[in-house]
Amino acid sequence: MRKRWICLIFLGLLLFAFPAAAEQTEAPDAWTVLIYMCGSDLESKYSYGTANLEEIATVEAPKSTVRDELEGISNVLEAAASQNRKVNILIETGGTKEWHAQKLGMNVRTDLLQDWEYQPATVTATGSFALRRGKPLASMADPDTLTDFIRWGKENYPAEKYMLVLWDHGGGSATGILIDELFNGEYMTLDLLNKALRDGGIHFEAVLFDACLMANIETACAIRDHANWMIASEEVVAGKGTAFGEWLQELIYVPICDGRMLGRWICDTAMIKYADTEDDQAQALLTWSVINLDKIDRMAEYFDMFFKTQGILYAQYPQVLASFANAGHFSGGFGSGQENMYDFGGILFDPVFRTAASAEMQMVLQENLAETVDYCVRGSGRSAARGISFCYATNFTPERLDIYARNCPSANYLAILDAISAWEAPDWVYDKVDKIPEPADENTYRVTIEKKIWEQNGSPAFSVTSGRTNVSTVLYKLYQKDELTGEIIRLGKIPVYYDTEADIYGRSV
């Protein structure tokens, strides 16, 4: 009897000593990648969305045969193999009038939003897209639509790390991203993007903007509380975007990576993708960067300090500020020019700025730029791009400045924009900074012109007869009067060039 009790006690001790064995569960998936694909005209007109889906369809699951043969040779290999857990690849489709993905076995509808899971190819099966959910049509520019996709992915595909890919048009700091052509071209501004990510409830390891002009300070500030790393381009992105197949394949083989390394793969594979094509423009204008969002708070602080200095210049030395403004417009503009996106590093290295800033400020700003932009690749036509831009909003309409003010990280910058334009900054700006006083001498800013004919080609032009140093950008409109009907015909609104010899601004229509 005593032996029986001893055995029962011993068995109880064993169960107490190893409780975890009974509760042991599988390790969570390594990554869940959420690709929010708003097709827009990029898909309906050019099939660029389908092209990226075709790249994704080449991604394969890890093959274990080589690892099996090498088992026991290296502890490092064994450790890496044990970490090679699942990477979930999810895609939400919508936002376009027509899809062209039938050849991939996908019945992508335009009257629904659809969520797909890509199942990588194996030794015995080709890769395939499985429809996991359909839901009523809604604008993909609506933050609630993005929030719903994020929550669905988190609930159904939990993982250690999450990545969000925003695929569509991008318009820089004042416009935002995601233009839905099914809802009158609605787009998502940065403050709405911030809301969508906040409500989604995921802290992402990485956010990739597969869209134009989004590697900027304002976008980084908008998402800084929701991600560790941001991957984006300062410049216009070529239609076929990043090399989805290459960087997703790398992630599947090495899922122990972090967002920093993943970002570097995205940058490098994009450069290789276009180097292997005959698209010279895409090669030349390519820019991609990896931005450390842990450093963006400090950059925003220095960004504000930078414009505080400019406000002092405006109040005391307007001619210096005018020269600086002129330098700003030539510091490395991106896109069509209407977005007013300029390379922040380009201004920091400009000689005009260096005359107006102390050596200490120059050092601090340049060090912070180097810390914030962890990695950057660029083509031959953008060799001076340093990885992050900002919006030079000095010629925006009041309506556009109202939007930009919701996303600008610098109250001092907004105070300058208030001082030099017809726009009025919101009250909260002057809860943080002082209002810049009006200039004592308005003639300092007055510009007079004289109409002329450009001698080179006889086109209409004009000469700036005074105040030329205060002019950084000139636009003009041309009209023609029909002598028979009296109708006034607008010929266009065009930028103008400066002819240093003739002292004439002009450009033929």
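Excluded from the calculations below are hydrogen atoms, water molecules and symmetry mates; all remaining heavy atoms, backbone and side chain alike, are included.
In this structure the side chain of Leu112 never reaches within 4.5 angstrom of the side chain of Leu137, judged on heavy atoms. Within the 4.5 Å cutoff, no side-chain heavy atoms of Leu365 are placed close to those of Leu369. A 4.5 Å side-chain heavy-atom check between Leu34 and Phe149 finds at least one atom pair inside the cut-off. Side-chain contact between Trp116 and Leu90: absent, with no pair of heavy atoms (C-beta onward) separated by less than 4.5 Å. Side-chain atoms of Tyr36 and Ile91, non-hydrogen and from C-beta on, never get closer than 4.5 Å to each other. Residues Phe306 and Ile347 are in side-chain contact: their nearest non-hydrogen atoms beyond the backbone lie under 4.5 Å apart.
In this structure Glu60 satisfies the salt bridge (charged side-chain N to carboxylate O under 4.0 Å, His left out) test together with Lys63, sequence neighbours excluded. With sequence neighbours excluded, no residue forms a ring-ring contact (aromatic ring centres under 6.0 Å, His included) with Tyr430. A search for side chain to side chain donor-acceptor pair (under 3.5 Å) contacts involving Trp423 returns Asp402, not counting sequence neighbours. Not counting sequence neighbours, the partners of Asn52 by the side chain to side chain donor-acceptor pair (under 3.5 Å) test are Trp167. For Glu54, the side chain to side chain donor-acceptor pair (under 3.5 Å) partners at least two apart in sequence or on another chain are Lys103. Qualifying ring-ring contact (aromatic ring centres under 6.0 Å, His included) partners for Tyr118, counting only residues two or more places apart in sequence or in other chains: Phe129. Under the ring-ring contact (aromatic ring centres under 6.0 Å, His included) criterion, Tyr302 pairs with no residue, sequence neighbours left out. Scored by the salt bridge (charged side-chain N to carboxylate O under 4.0 Å, His left out) test, Lys135 finds Glu92, Asp148 as partners (sequence neighbours excluded).
A donor-acceptor pair under 3.5 Å is formed between the side chain of Asn340 and the backbone N or O of Tyr392. With hydrogens and angles disregarded, no donor-acceptor distance shorter than 3.5 Å links the side chain of Asn412 to the backbone of Phe307. The backbone N or O of Ser139 lies less than 3.5 Å from a partner atom in the side chain of Thr145, making a donor-acceptor pair. Looking at Tyr413, its side chain does come within 3.5 Å of a backbone N or O of Ala393 through a donor-acceptor pair. The backbone N or O of Met140 sits less than 3.5 Å from a side-chain atom of Asp180, completing a donor-acceptor pair. For Arg382 (side chain) and Ala284 (main-chain N/O), no donor-acceptor pair under 3.5 Å exists by modelled atom type. Of the possible donor and acceptor atoms, none in the side chain of Ser389 sits under 3.5 Å from a partner among the backbone N and O of Asp343. The backbone N or O of Gly379 lies less than 3.5 Å from no partner atom in the side chain of Ser383, so there is not a single donor-acceptor pair. Under a 3.5 Å cut-off, the side chain of Asp418 and the backbone N or O of Ala425 do form a donor-acceptor pair. With hydrogens and angles ignored, the 3.5 Å screen pairs no side-chain donor or acceptor of Trp288 with any backbone N or O of Ile231.
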What verdict does the side chain to side chain contact (heavy atoms under 4.5 Å, CB included) test give for Leu178 and Tyr187, after you've listed the backbone C-alpha separation in whole Å, the side-chain angles of each residue and the deciding distance to 0.1 Å?
CA-CA 5 Å; Leu178 302 169; Tyr187 60 90; over 6 Å; no

Step by step, would you call Phe396 with Cys391 a side chain to side chain contact (heavy atoms under 4.5 Å, CB included)?
CA-CA 10 Å; Phe396 280 2; Cys391 185; 3.5 Å; yes

Would His100 and Ser47 count as a side chain to side chain donor-acceptor pair (under 3.5 Å) here? Give the steps.
CA-CA 6 Å; His100 306 88; Ser47 302; 3.2 Å; yes

After noting the C-alpha distance and the side-chain angles of Phe303 and Phe390, does the key distance pass the ring-ring contact (aromatic ring centres under 6.0 Å, His included) rule?
CA-CA 10 Å; Phe303 185 73; Phe390 77 103; 5.7 Å; yes

Set out, in order, the CA-CA distance, both residues' side-chain angles and the distance that settles side chain to side chain donor-acceptor pair (under 3.5 Å) for Ser233 and Thr287, then state yes or no.
CA-CA 5 Å; Ser233 171; Thr287 69; 3.0 Å; yes

Go through the steps to decide whether Ile291 and Trp229 satisfy the test side chain to side chain contact (heavy atoms under 4.5 Å, CB included), and finish with yes or no.
CA-CA 6 Å; Ile291 295 169; Trp229 298 91; over 6 Å; no

Apply side chain to side chain contact (heavy atoms under 4.5 Å, CB included) to Ile252 and Ile89, showing your working.
CA-CA 10 Å; Ile252 283 178; Ile89 302 173; 4.2 Å; yes

Assess whether salt bridge (charged side-chain N to carboxylate O under 4.0 Å, His left out) is satisfied between Lys195 and Asp144, documenting all intermediate values.
CA-CA 9 Å; Lys195 177 184 184 300; Asp144 292 340; 3.4 Å; yes

Would Ser173 and Asn216 count as a side chain to side chain donor-acceptor pair (under 3.5 Å) here? Give the steps.
CA-CA 7 Å; Ser173 305; Asn216 55 68; 3.3 Å; yes

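Rounding to the nearest 0.5 angstrom, the gap separating the SG atom in Cys221 from the CD1 atom in Ile296 is 5.0 Å. The CD atom of Glu186 lies 11.0 Å from the OG1 atom of Thr189; values are rounded to the nearest 0.5 Å. The CZ atom of Arg400 sits 7.5 Å away from atom CD of Glu339, with the distance rounded to the nearest 0.5 Å. Rounded to the nearest 0.5 Å, atoms CD1 (Ile179) and CG (Asp41) are 8.0 Å apart. Taking SG of Cys408 as the reference point, atom CG of Leu414 lies at 4.0 Å (rounded to 0.5 Å).
Evaluation of the salt bridge (charged side-chain N to carboxylate O under 4.0 Å, His left out) test over residues 245-260, restricted to residues two or more places apart or in two chains, returns Arg260-Asp374. Sorted by first then second residue, the salt bridge (charged side-chain N to carboxylate O under 4.0 Å, His left out) pairs that include residues 215-233, not counting sequence neighbours, are Arg224-Asp297. Judged as a salt bridge (charged side-chain N to carboxylate O under 4.0 Å, His left out), the pairs with a partner in residues 265-285 (not counting sequence neighbours) are, in order, Glu55-Lys273. Sorted by first and then second residue, the pairs that involve residues 111-120 and meet salt bridge (charged side-chain N to carboxylate O under 4.0 Å, His left out), not counting sequence neighbours, are Lys86-Glu117, Arg109-Asp111, Asp115-Arg133, Glu117-Arg132.
Residues Thr269 and Ala243 come closest through the heavy atom pair O-CB, 3.6 Å.
Taking a cutoff of 4.0 Å between a charged side-chain nitrogen and a carboxylate oxygen, Glu160 and Arg85 qualify as a salt bridge.
For Gln281, the CD atom counts as loosely surrounded, since its 6.0 Å shell holds 12 or fewer non-hydrogen atoms of other residues, nucleotides or ligands. Around atom CG of Asp431, more than 12 heavy atoms belonging to other residues, nucleotides or ligands sit under 6.0 Å away.
Here the options are Glu43, Glu98, Gln114, Gln102, the test is side chain to side chain contact (heavy atoms under 4.5 Å, CB included), and the partner is Val108; only Gln114 passes.
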